[in-house]
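Each remark here refers to the structure printed beneath this line.
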Amino acid sequence: MKKMTLNWHIKRAVIDFKTLEDKDTLNSLRRAKQLVDQKKYIEAIQALPSMEFYWKLEQTTSEKNIGKYFQQQEYHFVLDERHLDNLKIGIQNANLCLSISVVFDVIVEDGVSRDELNKWLWDSGAWMSASVTGEWTYIEDDGGHFEVIQLGV
């Protein structure tokens, strides 16, 4: 077994305020939007509620070789400084938008190469089965992407 570090990112994810039921989350997002309008981006990011990363491999378009590549079938964790590689916040058409990059380690079988895993991540649609949320949904986004960024020992 060996460790590989993956990067998943989503660009221009537009948050859907209309479906929010939690008042605290809604108020935090409204506050973040106000701060972006004032061009206070760092404060806006700090105003965001806690976010979690989810990735269920069973939701990929190909279950072929999942066991060869991954010991775990699901990855779920609260985003913190260890996992949050990049976070950008902005406004588009009066909507709050996020671009998020998440980094995390996976354990794979010996013999799996970086190129082989990158190909599987692309071919299986793995990026579609991952998400970052803070109890909200997205109206639209420019898609996600996975890639192996480091091959461990």
Side-chain angles (χ1 to χ4, degrees), residues 1-17 19-22 24-26 28-29 31-32 35-36 41-90 92 95-153:
M1 304 302 231
K2 63 183 172 186
K3 178 177 79 170
M4 287 191 184
T5 303
L6 300 184
N7 174 266
W8 175 83
H9 63 264
I10 189 168
K11 294 182 180 179
R12 203 191 56 77
V14 180
I15 296 175
D16 185 359
F17 279 60
T19 61
L20 283 170
E21 295 180 11
D22 183 77
D24 291 336
T25 300
L26 182 59
S28 294
L29 291 173
R31 178 70 181 136
L35 291 164
V36 171
Y41 300 106
I42 293 172
E43 292 93 337
I45 288 171
Q46 292 168 342
L48 290 171
S50 176
M51 294 184 283
E52 297 180 1
F53 175 80
Y54 294 96
W55 183 31
K56 290 187 177 184
L57 280 89
E58 67 188 26
Q59 294 175 343
T60 60
T61 58
S62 170
E63 292 186 22
K64 182 180 176 188
N65 294 328
I66 287 177
K68 174 181 177 183
Y69 297 122
F70 302 99
Q71 282 196 319
Q72 286 180 241
Q73 297 298 304
E74 183 174 322
Y75 296 84
H76 173 217
F77 48 84
V78 174
L79 290 185
D80 58 24
E81 60 278 349
R82 291 176 303 145
H83 297 107
L84 191 56
D85 184 52
N86 195 353
L87 172 60
K88 294 180 182 176
I89 191 167
Q92 179 180 329
N95 295 306
L96 189 63
C97 301
L98 301 175
S99 291
I100 304 165
S101 180
V102 178
V103 174
F104 62 103
D105 294 331
V106 297
I107 303 298
V108 298
E109 294 290 333
D110 289 331
V112 174
S113 72
R114 179 185 196 149
D115 290 341
E116 179 184 9
L117 185 54
N118 273 328
K119 181 175 178 1
W120 183 87
L121 289 166
W122 177 259
D123 291 348
S124 71
W127 55 272
M128 290 185 295
S129 60
S131 68
V132 168
T133 186
E135 298 187 29
W136 59 76
T137 57
Y138 300 108
I139 299 169
E140 63 181 270
D141 63 68
D142 285 343
H145 182 72
F146 257 118
E147 66 181 326
V148 177
I149 58 170
Q150 184 176 354
L151 179 62
V153 183

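- Residues forming a salt bridge (charged side-chain N to carboxylate O under 4.0 Å, His left out) with E140 (at least two apart in sequence, or on another chain): R12.
- Distance check, rounded to the nearest 0.5 Å: OH of Y138 to CG of L96 gives 9.5 Å.
- Residues satisfying the salt bridge (charged side-chain N to carboxylate O under 4.0 Å, His left out) test with D110, not counting sequence neighbours, are none.
- Closest approach of F146 to L6, counting heavy atoms only: CE2-CD1, 4.1 Å.
- Heavy atoms only, all atoms of each residue included: W127 and W8 are closest at O-NE1, 3.3 Å.
- Interatomic distance, CG of D16 versus OG1 of T137, reported as 4.0 Å (0.5 Å rounding).
- Side-chain atoms of K2 come within 3.5 Å of backbone N or O of V112 as a donor-acceptor pair.
- A search for side chain to side chain donor-acceptor pair (under 3.5 Å) contacts involving N95 returns nothing, not counting sequence neighbours.
- Remark: K119 pairs with D123 by the salt bridge (charged side-chain N to carboxylate O under 4.0 Å, His left out) rule, at least two apart or across chains.
- Qualifying salt bridge (charged side-chain N to carboxylate O under 4.0 Å, His left out) partners for D105, counting only residues two or more places apart in sequence or in other chains: K3.
- Using a 4.5 Å cut-off on side-chain heavy atoms (C-beta onward), V103 and I149 make contact.
- The local environment of CD in E21 is sparse, with at most 12 non-hydrogen atoms from other residues, nucleotides or ligands closer than 6.0 Å.
- Atom CG of residue D85 and atom CG of residue L79 lie 11.0 Å apart, to the nearest 0.5 angstrom.
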Take N7 and S101 through the test side chain to side chain donor-acceptor pair (under 3.5 Å) and record every step on the way to the result.
CA-CA 7 Å; N7 174 266; S101 180; 2.6 Å; yes
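- Rounded to the nearest 0.5 Å, atoms CG (L87) and OH (Y41) are 13.5 Å apart.
- Note that CD1 of I89 and CG of L35 are 8.5 Å apart. Values are rounded to the nearest 0.5 Å.
- Scanning both residues, M1 and I107, for their nearest heavy atoms gives CB-CG2, 3.7 Å.
- For the pair R114 (side chain) and E147 (backbone), a donor-acceptor distance under 3.5 Å is absent.
- There is a side-chain donor-acceptor pair under 3.5 Å between W55 and S129.
- In terms of heavy atoms, T25 sits closest to W136 at CG2-CE3, 4.0 Å.
- Nearest heavy-atom pair across M4 and V148 is SD-CG1, 3.9 Å.
- Closest non-hydrogen pair, A13 versus D141, comes out as CA-CB, 3.7 Å.
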In residues 44-53, what donor-acceptor pairs under 3.5 Å come from side-chain atoms, sequence neighbours left out?
from	atom 1	to	atom 2	distance (Å)
E52	OE1	Y54	OH	2.5
E52	OE1	H76	NE2	2.8

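- Under the 30°/60° scheme for interplanar angles, the aromatic rings of H145 and W122 are found to be tilted.
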